[in-house]
Protein chains: 2
Amino acid sequence: MEPASLVHIVDDDGSLRAALDSLFRSVGLDSRQYASVQEFLSAERLDVPSCIVLDVRLPGMSGLDAQGHLKELGIHLPVVLMTGHGDIPMSVRGMKAGAEDFLTKPFRDQDMLDAVLAAIERHKAARHENAHLHDVATRYETLSPRERQVMALVAEGKMNKQIAWDLQLSEITVKIHRGAAMRKMDARSLAELVRMADALNVVPAARQA
Amino acid sequence: MEPASLVHIVDDDGSLRAALDSLFRSVGLDSRQYASVQEFLSAERLDVPSCIVLDVRLPGMSGLDAQGHLKELGIHLPVVLMTGHGDIPMSVRGMKAGAEDFLTKPFRDQDMLDAVLAAIERHKAARHENAHLHDVATRYETLSPRERQVMALVAEGKMNKQIAWDLQLSEITVKIHRGAAMRKMDARSLAELVRMADALNVVPAARQA
DNA sequence: AGCGCCCTCATACATTGGTATAGTCGGGCC
DNA sequence: GGCCCGACTATACCAATGTATGAGGGCGCT
């Protein structure tokens with residue numbers, strides 16, 4: 001069962017926060033309120049599909065600055081920006097920074113809901129991607145250095161013989177490491193191993209030709 | 001030698017077109033002028049790194065509509081939007097549709113140049129990607145139906161034996177088709193074939209696990 | 001009919017890949 | 001020292017893959 005989705009509301013206007021909170025809950029979305037970016041950052045973030053509704057003009061840190069800040073912190077939540085006194089350059093900057101949408105106050109409830117729901121869908125998809133990638137990365141960490149080397153060369157398409165020559169090993173040793181990599185990565189075919197290697201970027205792009 | 005870059009200027013204001021043309025040429029960019037989207041569409045487009053500078057408000061077809069229209073026509077040139085009387089929703093819509101930038105008239109020359117140069121850089125990268133993909137797709141077209149089927153199953157990671165069973169063939173026949181696919185696709189390893197198959201989307205995502 | 005292309009299959013052989021068993025060597029750890 | 005683990009290697013054997021040669025049938029086109 002997919003957990004309930006969550007909207008983080010970041011705005012210094014308490015009455016607006018309350019209104020948004022009510023709006024989101026009316027469609028079954030859970031919600032949290034924060035008066036500033038700092039407050040949001042210090043709060044706990046549940047690992048559920050969610051997004052941030054962020055006012056552009058805020059005391060302390062502006063919404064646009066916050067976007068960059070969140071990226072640096074590795075917080076990849078979709079952001080819906082809103083503002084009461086915005087201009088086009090501001091909206092363009094926000095959208096370039098990857099905002100899901102940019103709304104001007106006052107906005108229609110439906111517009112906000114559309115934006116938030118789209119943002120949450122995007123986050124769901126990203127979570128899915130990440131979950132898989134994380135699994136693969138976790139398994140990759142269990143590989144010994146040699147196994148990683150061999151895996152990389154295998155993913156380049158080299159034959160055991162060539163790998164052995166490259167690493168100054170006997171072919172049989174390569175086979176051992178190769179087999180270990182397949183087992184540890186839980187790859188049931190070479191095709192799978194190649195895809196995992198690509199997902200993990202263990203093969204220099206220039207050598208994928 | 002990379003050919004000279006080109007900027008397509010689409011605006012109904014002839015004096016602005018002339019000013020832009022002069023601006024672009026001053027930094028070594030070639031340029032073409034069009035008074036409407038239709039005029040641009042009927043003109044010849046050179047296969048060089050380029051972008052479109054497009055007015056949002058135009059007689060005939062608006063710049064925003066044009067963005068969608070260009071996509072449908074398979075014209076994937078980066079678009080820099082500009083407008084004299086724009087609002088935030090308009091700019092958001094434009095950016096969502098993939099515009100490289102959105103400028104308001106009057107704009108500073110440097111801002112326009114920055115946007116156009118970034119757009120052309122993006123197009124260069126996209127051209128590079130496309131050139132390779134096009135090569136692969138061209139080779140893929142030379143495959144017979146059976147060879148494509150076999151290639152898809154190979155890219156899923158299946159063994160010849162399993163493929164033979166799936167397609168109700170003898171294993172030897174599968175080997176023939178597989179070998180033919182490798183030759184025609186110019187893949188020197190299974191890893192390469194897998195990557196080409198992925199680039200061409202010949203394997204349902206669900207089966208790449 | 002003749003030609004070419006695709007699809008099919010078989011036999012045979014060579015190469016490559018995968019696994020098991022067994023042994024050596026070195027480093028970190030209790 | 002004793003122990004585990006990673007790395008390395010060898011022999012042996014089996015499975016999978018690749019290629020060559022040969023051959024038959026169907027289908028469309030000239």
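The figures that follow rest on heavy atoms only: side chains count, while hydrogens, waters and symmetry mates do not. Chain A is the first sequence line, chain B the second, and so forth, proteins listed ahead of strands; every chain is numbered from 1.
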Return the polar atom pairs (N/O with N/O) between nucleotides 5-7 of chain D and the protein under 3.5 Å, or none.
from, atom 1, to, atom 2, distance (Å)
D:dA7, OP1, A:Ser144, OG, 3.1
D:dA7, OP1, A:Arg146, N, 3.4
D:dA7, OP2, A:Ser144, OG, 2.3

Original post:
Tell me, do B:Val150 and B:Ile176 make a side-chain contact under 4.5 Å, heavy atoms counted?
Top reply: no

**OP:** Indicate yes or no: does A:Lys96 engage B:Asp101 in a salt bridge with an N to O separation below 4.0 Å.
**Re:** yes

Scan nucleotides 13-17 of chain D against the protein and return all N/O pairs shorter than 3.5 Å with their distances rounded to 0.1 Å.
from, atom 1, to, atom 2, distance (Å)
D:dA16, OP1, B:Lys161, NZ, 3.4
D:dA16, OP2, B:Lys161, NZ, 2.6
D:dT17, OP2, B:Asn160, N, 3.2
D:dT17, OP2, B:Asn160, ND2, 3.4

**OP:** May I have the distance from A:Leu153 (atom CG) to C:dG17 (atom C1'), rounded to whole angstrom?
**Re:** 16 Å

Original post:
If you measure from the Lys or Arg side-chain nitrogens to the Asp or Glu carboxylate oxygens, is any gap between A:Arg108 and A:Asp111 under 4.0 Å?
Top reply: yes

Original post:
Are any non-hydrogen side-chain atoms of A:Leu200 and A:Val136 less than 4.5 angstrom apart?
Top reply: yes

Original post:
Are B:Arg17 and B:Tyr34 in a cation-pi contact, defined as NZ or CZ under 6.0 Å from the six-membered ring centre and within 45° of the axis?
Top reply: no

Original post:
Taking CG from A:Leu193 and C1' from C:dG17, how many angstroms apart are they, rounded to a whole number?
Top reply: 14 Å

Check nucleotides 21-24 of chain C against the protein and report each pair of N or O atoms closer than 3.5 Å, with its distance, or say if there are none.
none

Original post:
Taking 4.0 angstrom as the limit, do B:Arg93 and B:Asp65 come out as a salt bridge?
Top reply: yes

Original post:
Looking only at atom types and distance, does a side-chain atom of B:Glu147 sit under 3.5 Å from a main-chain N or O of B:Ser144, one as donor and one as acceptor?
Top reply: yes

Original post:
In Å, rounded to the nearest 0.5 Å, how long is the span from CD of B:Gln38 to CG of B:Leu41?
Top reply: 7.0 Å

Original post:
Do side-chain atoms of A:Lys158 reach the backbone of A:Ile163 as a donor and acceptor pair under 3.5 angstrom?
Top reply: no

Subject >> Salt-bridge criterion met for A:Asp12 and A:Arg57 (N-O under 4.0 Å) >> reply: no

Subject >> Side-chain donor/acceptor of B:His123 to backbone N/O of B:Cys51, under 3.5 Å >> reply: no

**OP:** Evaluate the side-chain proximity of A:Leu16 to A:Gln33: yes if any heavy-atom separation is below 4.5 Å, no if none is.
**Re:** no

Every protein N/O within reach of nucleotides 25-27 of chain C N/O, cut-off under 3.5 Å:
none

Subject >> Terminal helix-axis angle for the helix from C:dA1-D:dT30 to C:dC30-D:dG1, with five pairs defining each axis and rounding to 10 degrees >> reply: 30°

Original post:
A:Met182 CE to C:dG18 P: how many Å, rounded?
Top reply: 6 Å

Subject >> Atom pair distance, as rounded to whole Å: CD1 in B:Ile172 and C1' in D:dG18 >> reply: 9 Å

Subject >> Worked verdict on A:Gln162 versus A:Asp166 for side chain to side chain donor-acceptor pair (under 3.5 Å) >> reply: CA-CA 6 Å; A:Gln162 298 173 306; A:Asp166 284 0; over 6 Å; no

Original post:
How would you list all residue pairs meeting side-chain hydrogen bond (donor to acceptor under 3.5 Å, both in side chains) that involve residues 67-83 of chain A, not counting sequence neighbours?
Top reply: none

Original post:
Does the side chain of B:Ile9 reach to within under 4.5 Å of the side chain of B:Asp21, using non-hydrogen atoms?
Top reply: yes

